[in-house]
Amino acid sequence: MIDLESARARVLDGCVALAPVRVPLAEACGLVLAEVVEADQLLPPFANTAVDGYAVRAVDVAGASEDAPARLAVVETLAAGAASSRVLGAGEAMRIMTGAPIPAGADAVVMVEDTDAAAHGEVVRIRRPVNPGDAVRPAGDDVRPGDRLFVPGDVLSPAHVGVLASLGRLDVLAHPRPRVGVISTGDELVEGPIPLQPGQIRDSNRITLLALVEAAGATGIDLGLVRDDEMAIRAAFVAAAAGCDAIISSGGVSMGEFDFVKRVLDEVGRMNWMQVAIRPAKPLAFGTIDGTPVFGLPGNPVSSMVSFELFARPGLRRLAGHHPDELVRRTVTAVAGEPLRRSSDGKTHFVRVVADNVDGSYVVRSAGGQGSHQLAVMAAANALVVLPDGDGAAAGDEVAVLLLG
Ligand code: AMP
Ligand code: MG
């Protein structure tokens, strides 16, 4: 058996960040940036008003009060998008809407709530003084030319793509979303509502793994259900390696007599067949076909999910260009709400649990049976407790937890 960290190191060694491409901003959120973004302009590009109200000279309203409002002549109305061509003079105001440029001569904006407009609106009464600069958003208040805004490795968020759009950018250089082919193998598998023949089960791994791929920020490509047939398996993997950035298969990596996955992968790829000191998900095949990473995950539904979490997700995140420290989900500390017992077997156990946030700290309880076929228990769980080799945890013990999703 190989320990978890060593197995994961082998996986990460076989995964390198995909070459950056130009991506339209609308598709870039969640991707990892591959360029330095330096501002070449001011944001906002011009001084503008933060409120709806009246642009004024602060000096003209210095003595204003409820009892003695300042009276100013309203000389123009400025909507957002409309710039005034005149200079505001003494005793004048301009009605102005949020985002409109501050007219020359004005140095503050009085919010509409502090004013009363007379009939026909040609005079406005200002009931409060303002200081120069009040409600004015200066040009460059957010971004100035030469600012280094974003650097390679930054993960593009909705705000990042918004800033890029503000700078006039249509696209950005980023690592592409990995395209990940997902294959199920096994003669016992069928899909859909057709009645099961003796010995048949329905394929659940493919739809689950496709969902996990998408949740990891990659694009899942459904490569279907492949029979335990050497030719069919070879054709599926060779085509997948040509058309995808990574391949995930499930089934056929334990030593069943009719599992041709091993024979085929050894023939077309360079594979590591591992027995990892974990439970569930002990068997793991990882390698490359013509440089394309291949994850051969175990067939048992919970095992394939745990194996995805521990190996495939970090590998896919590396392909996507994420920082080395951001590949593996961090554990958090929780308290066992009940005994989580196990026996010593040289393996780290991943226990399916429900983690409840009680006053800011997590309390975990078993989600149910811990068999690697019990997928409904996995559905009920929202976390995995990492139990090191030993006899497990007593109620009240601190445990390390991977919060899923
Ligand atoms: P294997 O790794 O092929 O020996 O399969 C181990 C167990 O997982 C067997 O009980 C299989 O029937 C089951 N299994 C394999 N592939 C799938 C799948 N795609 N969906 C659901 N169960 C599967
Ligand atoms: Mg099988």
Side-chain angles (χ1 to χ4, degrees), residues 1-12 204-205 208-209 211-213 215-216 248 250 254 274-284 286 295 297-317 322 325-405:
M1 283 199 299
I2 173 175
D3 66 85
L4 171 61
E5 294 306 328
S6 309
R8 189 148 54 202
R10 285 194 195 175
V11 167
L12 293 178
S204 60
N205 289 352
T208 298
L209 289 167
L212 287 170
V213 165
I248 297 179
S250 70
S254 47
M274 294 174 262
Q275 298 291 317
V276 190
I278 57 175
R279 179 177 171 171
K282 183 168 71 147
L284 172 69
F286 176 79
F295 299 86
L297 308 186
N300 278 305
V302 177
S303 306
S304 71
M305 288 190 76
V306 171
S307 193
F308 181 93
E309 167 67 25
L310 299 178
F311 303 109
R313 185 176 178 278
L316 298 184
R317 286 175 65 79
H322 286 281
D325 296 340
E326 301 294 333
L327 302 178
V328 175
R329 213 190 291 273
R330 276 187 260 273
T331 58
V332 301
T333 301
V335 174
E338 61 186 21
L340 297 170
R341 285 301 169 202
R342 54 161 294 175
S343 50
S344 179
D345 58 5
K347 298 178 197 162
T348 301
H349 288 196
F350 291 85
V351 183
R352 281 71 82 193
V353 295
V354 176
D356 279 318
N357 194 327
V358 181
D359 300 329
S361 61
Y362 286 102
V363 176
V364 295
R365 290 189 171 77
S366 171
Q370 298 292 320
S372 60
H373 58 296
Q374 288 173 298
L375 188 56
V377 174
M378 191 67 173
N382 62 358
L384 299 172
V385 167
V386 186
L387 280 187
D389 195 21
D391 60 1
D397 282 357
E398 283 196 343
V399 289
V401 172
L402 288 168
L403 296 173
L404 302 172

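Keep in mind that what you see is a predicted model, and the values were worked out from it rather than measured.
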L284 and V11: CA distance, side-chain angles, deciding distance, side-chain contact (heavy atoms from CB on, under 4.5 Å) verdict:
CA-CA 10 Å; L284 172 69; V11 167; 4.3 Å; yes

Residue pairs passing the salt bridge (Lys or Arg N to Asp or Glu O under 4.0 Å) test where at least one lies in residues 373-389, sequence neighbours excluded
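Sorted result for residues 373-389: R342-D389.
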
Provide the full list of salt bridge (Lys or Arg N to Asp or Glu O under 4.0 Å) pairs with a residue in residues 302-311, sequence neighbours left out, each pair given once.
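Passing the test, one end in residues 302-311: E309-R329.
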
What residues, two or more places apart in sequence or in another chain, satisfy salt bridge (Lys or Arg N to Asp or Glu O under 4.0 Å) together with [X]?
| X | result |
| --- | --- |
| D397 | none |
| R365 | none |
| D356 | none |
| R279 | none |

In chain order, what residues pass the ring-ring contact (aromatic ring centres under 6.0 Å, His included) check against F295, with sequence neighbours excluded?
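Expected list: F286.
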
Any donor-acceptor pair under 3.5 Å linking the side chain of E398 with the backbone of T333?
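Pair absent, no side-chain N/O of E398 close to backbone of T333.
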
Would you find a donor on one side and an acceptor on the other, under 3.5 Å apart, between the side chain of E338 and the backbone of A336?
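The answer is no, because no donor-acceptor pair under 3.5 Å joins these two groups.
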
Listed partners of S6 passing side-chain hydrogen bond (donor to acceptor under 3.5 Å, both in side chains), at least two apart
D3

Do T208 and S304 have side chains that approach each other closer than 4.5 Å (heavy atoms only, starting at C-beta)?
no

Steps toward side-chain contact (heavy atoms from CB on, under 4.5 Å) verdict (L12, L327)
CA-CA 9 Å; L12 293 178; L327 302 178; 4.0 Å; yes

Would you please name every residue forming a side chain to side chain contact (heavy atoms under 4.5 Å, CB included) with [X], sequence neighbours left out?
| X | result |
| --- | --- |
| T331 | V386, A400, L402 |
| A7 | I2, M274, V276, F311 |
| A381 | R352, A367 |
| P388 | none |

Start with the C-alpha gap between F308 and I248, add the side-chain angles, then the distance that decides, and say whether side-chain contact (heavy atoms from CB on, under 4.5 Å) holds.
CA-CA 9 Å; F308 181 93; I248 297 179; 3.6 Å; yes

At their closest point, which heavy atom of S250 faces which heavy atom of L209, and how far apart are they?
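So the minimum-distance heavy-atom pair works out to CB-CD1, 3.9 Å.
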
Distance from L404 atom CG to L212 atom CG, nearest 0.5 Å?
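Here the interatomic distance stands at 9.0 Å.
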
Going from CG on N357 to CG on L403, what distance comes out if it is rounded to the nearest 0.5 angstrom?
9.0 Å

